Amino acid sequence: MGKPKPASATAAPRGHKRRPKRTRPSGKGGGPEPREEKRKRRELDGVGLAEEAPPPGSSLGKILSTESGAIGLEQSDEDDMEDEHTVPGDDETNDMINNKDDAFDEMEASCRIITNEEVNALLKQKCKFKWEVPAEDIPKSKWVGTGEKMEGAYVDLIGGVKGKLRDHWQNTLSDQLNSRLNFFSLCSSYRDIMHCNKKPFYLKGGSTVDSSTMDSYLMHALNHINRTREIVVKNDAKLRSDPSKDILDDNSFLDQGFTRPKVLFLLPLKSIARRVVKRLIQLSPLSQKDIIAKFEGKFGESDDEVEEPVQSNKPADFDLLFAGDTDDEFLFGIKYTKKSMNLFSNFYSSDIIVASPLALIKKINGVDDNGKEPAKERDFDFLSSIESWSHLYAVFEQLNQLPSKEHGTNVMRIRPWYLDQHARYYRQTILLSSYLTPEMNALFNGLCLNYEGKVKLVTEFKGVLSKIQFEAPQVYERFDASSITEVDDARFDHFCKKVYPKIQVSDEDNIATRYITCKTLIRGAHHLIIYSLPGRKEFYPELVNMLSESENRKCTVFFSRLDLLKLERIVGTFAAQRLVSSDKSIFVFR
């Protein structure tokens, strides 16, 4: 997320400096830029934007979601302009900052313009976490980070949230509010965050923990949208009261990005998206009358909250996860106005985009519902001003790019870091997962470049070997792989040259080989070969325990040093370190 204002100018996060008034050389004298040249420069900075606003009746900015699982509802012009022509009432005025100049003073305190030298340093630096603090609510875990060290949770963070929002959360969450504040405070630091030990809601006891984390990042998103909207509405009111005001010399009017969307929630399944949006509705102080019913009417009936799903021959957690709607193609917008929360709004008037990876990639690639690429040009400019998102995928490359068209934004009010093409260094990225992979590590280290820094959860695992229900030798064989791009070929080569010949000459008739894509094993097998360790630790004891009906049971596991993250979760952190660092290549657990 781009940084909105903290509670007051004096409450700015530590380490921030007030932003100096920004000037650019005039080309000859090197002094402050003349007003007319500044106006031309800002127009030229919007490279790729149309020179004129779209004509009346133009479809520009009226791009609707037509992907499966979401129905685009085009809103009227009156609805889009609601905020612009609404004078704040007494109650809303009380929620705003008292001093008319405080809004920009706070933005100056919380955001500074980074230099090209700093950008180059961000691109070149290797991610080195220099400090650590305990993760108070997560057992055997700590947060490690870059940038200025965080000194634990904020003392009165909720006090920095505006009146209506704060009061609503206190009433809605009640005694549960305090349990949300640790992660909420971390999100409010506006650093990149990777939390990859989140207990899934479908595991025993996971619902409470997952709900707390979800509430925290939803509260952060709502607070961010509320604060940035407040600045825009306040500046609009100033300009209406003084239409002749020249905003070029007043940086307080630099309050927008290229487009309106600020937050992207990237979620894997429709059932999970339904949980997130329904909770977002509940945490919003706006009128909620019939809105959940309307949402389910458009998005589909809720069938994902059954306490006891239909039993199958699958593990219980599988039944719980896939009990609901498993559709993985949905894409829609959410818009907030003074009085309402509008679902399925068109993208360019939305504050939040909710999407699955599949639907978003299809939108970016210009693929229609039938899998065909239409002749019309691709349109994903609505991603240009995304300032936060709460999951993982390859849309990184399209975030914060210069838009190809103008979408009704006043170029004179665009924040300078967008014009400098530095927006991605101001974007906050929050990655949430139940376990960590090398690919996620590489993405977080290489493509999350927030100038504020980043924090990552590190956990000491005890492993799951104690869940094996019988004694059986588990032989771990290490093979060599030089890089993550070569590990699959190295694993296959090891199996073909070192393992398969032994199987061919063996007198064992019942050998089950577990590949990464296998889901059930052959009954009666007494030798289990795990070709590649599962990412989820719960799968490992389930697999080995399938040998319970056999005699002379044995399990063989292939791994490389690049499988350290999987090994930690299965054999424990200390044992995993020994497996990857020892000169030996064969290890036995019983």
Side-chain angles (χ1 to χ4, degrees), residues 2-6 8-9 18-26 31-47 49-56 61 77-78 80-90 92-113 162 225-260 262 336-338 348-349 351 385 403 406-420 423 426:
K3 289 53 172 189
K5 315 177 296 295
S8 66
R18 184 174 298 272
R19 188 178 73 190
K21 186 172 181 181
R22 190 173 193 236
T23 59
R24 294 199 182 199
S26 63
E33 194 173 20
R35 180 180 290 106
E36 190 58 33
E37 289 190 18
K38 185 174 184 180
R39 182 185 300 274
K40 291 180 180 179
R41 192 266 305 165
R42 290 191 67 81
E43 291 174 348
L44 291 175
D45 273 347
V47 177
L49 300 180
E51 294 183 1
E52 299 179 357
D77 290 339
E78 289 79 12
D80 284 343
M81 302 295 286
E82 177 182 339
D83 285 342
E84 291 189 25
H85 300 288
T86 302
V87 178
D90 292 338
E92 186 172 4
T93 301
N94 290 333
D95 286 344
M96 290 187 174
I97 301 171
N98 292 326
N99 189 304
K100 65 179 181 179
D101 294 322
D102 278 353
F104 182 64
D105 285 345
E106 291 168 356
M107 180 173 286
E108 280 188 311
S110 63
C111 284
R112 63 180 180 83
I113 297 178
K162 299 300 178 180
I225 291 169
N226 185 61
R227 287 180 167 184
T228 52
R229 171 185 170 273
E230 179 182 292
I231 297 172
V232 174
V233 170
K234 201 168 185 178
N235 282 340
D236 287 346
K238 289 181 182 179
L239 292 177
R240 285 197 299 273
S241 65
D242 185 6
S244 62
K245 184 176 181 61
D246 190 341
I247 66 175
L248 285 178
D249 293 329
D250 189 344
N251 286 349
S252 68
F253 289 95
L254 302 178
D255 57 7
Q256 298 177 22
F258 287 122
T259 54
R260 178 164 175 168
K262 304 172 185 67
Y336 287 89
T337 65
K338 176 186 176 184
Y348 292 105
S349 67
D351 296 292
S385 296
E406 187 273 339
H407 295 285
T409 302
N410 184 344
V411 186
M412 302 303 170
R413 291 177 64 176
I414 293 178
R415 295 184 178 114
W417 48 86
Y418 285 98
L419 298 174
D420 292 339
Y426 290 79

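Just so you know, these numbers come straight off a predicted model, no measurement behind them.
Once rounded to the nearest 0.5 Å, the distance linking CG of Asp242 with CD1 of Ile247 reads 11.5 Å. The distance from atom NZ of Lys262 to atom CZ of Arg227, rounded to the nearest 0.5 Å, is 14.5 Å. Note that CZ of Arg415 is 12.5 Å distant from CG of Asn251, once rounded to the nearest 0.5 Å. Atom-to-atom distance recorded for Asn235:CG and Gln256:CD is 8.5 Å, nearest 0.5 angstrom. Between Asp236 atom CG and Ile231 atom CD1 the span is 12.0 Å, to the nearest 0.5 Å. Between the CZ atom in Arg112 and the CH2 atom in Trp417 there is a gap of 11.0 Å [rounded to 0.5 Å].
Ring planes of Phe258 and Tyr418: perpendicular class, angle over 60° (limits at 30 and 60°).
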Exercise for review: Decide side-chain contact (heavy atoms from CB on, under 4.5 Å) for Lys245 and Lys238; before the verdict, give the C-alpha distance in whole Å, the side-chain angles of both, and the deciding distance to 0.1 Å.
Suggested key: CA-CA 9 Å; Lys245 184 176 181 61; Lys238 289 181 182 179; 5.5 Å; no

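The side-chain hydrogen bond (donor to acceptor under 3.5 Å, both in side chains) search around Ser241 returns none, not counting sequence neighbours.
Nearest heavy-atom pair, Ile414 versus Gly257, reported as atom, atom and distance to 0.1 Å: CG1-O, 4.0 Å. Smallest separation of non-hydrogen atoms from Met412 and Leu254: O-CD2, 3.3 Å. In terms of heavy-atom proximity, Thr337 sits nearest to Arg229 at C-NH2, 3.8 Å.
Side-chain atoms of Asn410 and Phe253, non-hydrogen and from C-beta on, never get closer than 4.5 Å to each other. Using a 4.5 Å heavy-atom cutoff, the side chains of Lys234 and Asp255 are not in contact.
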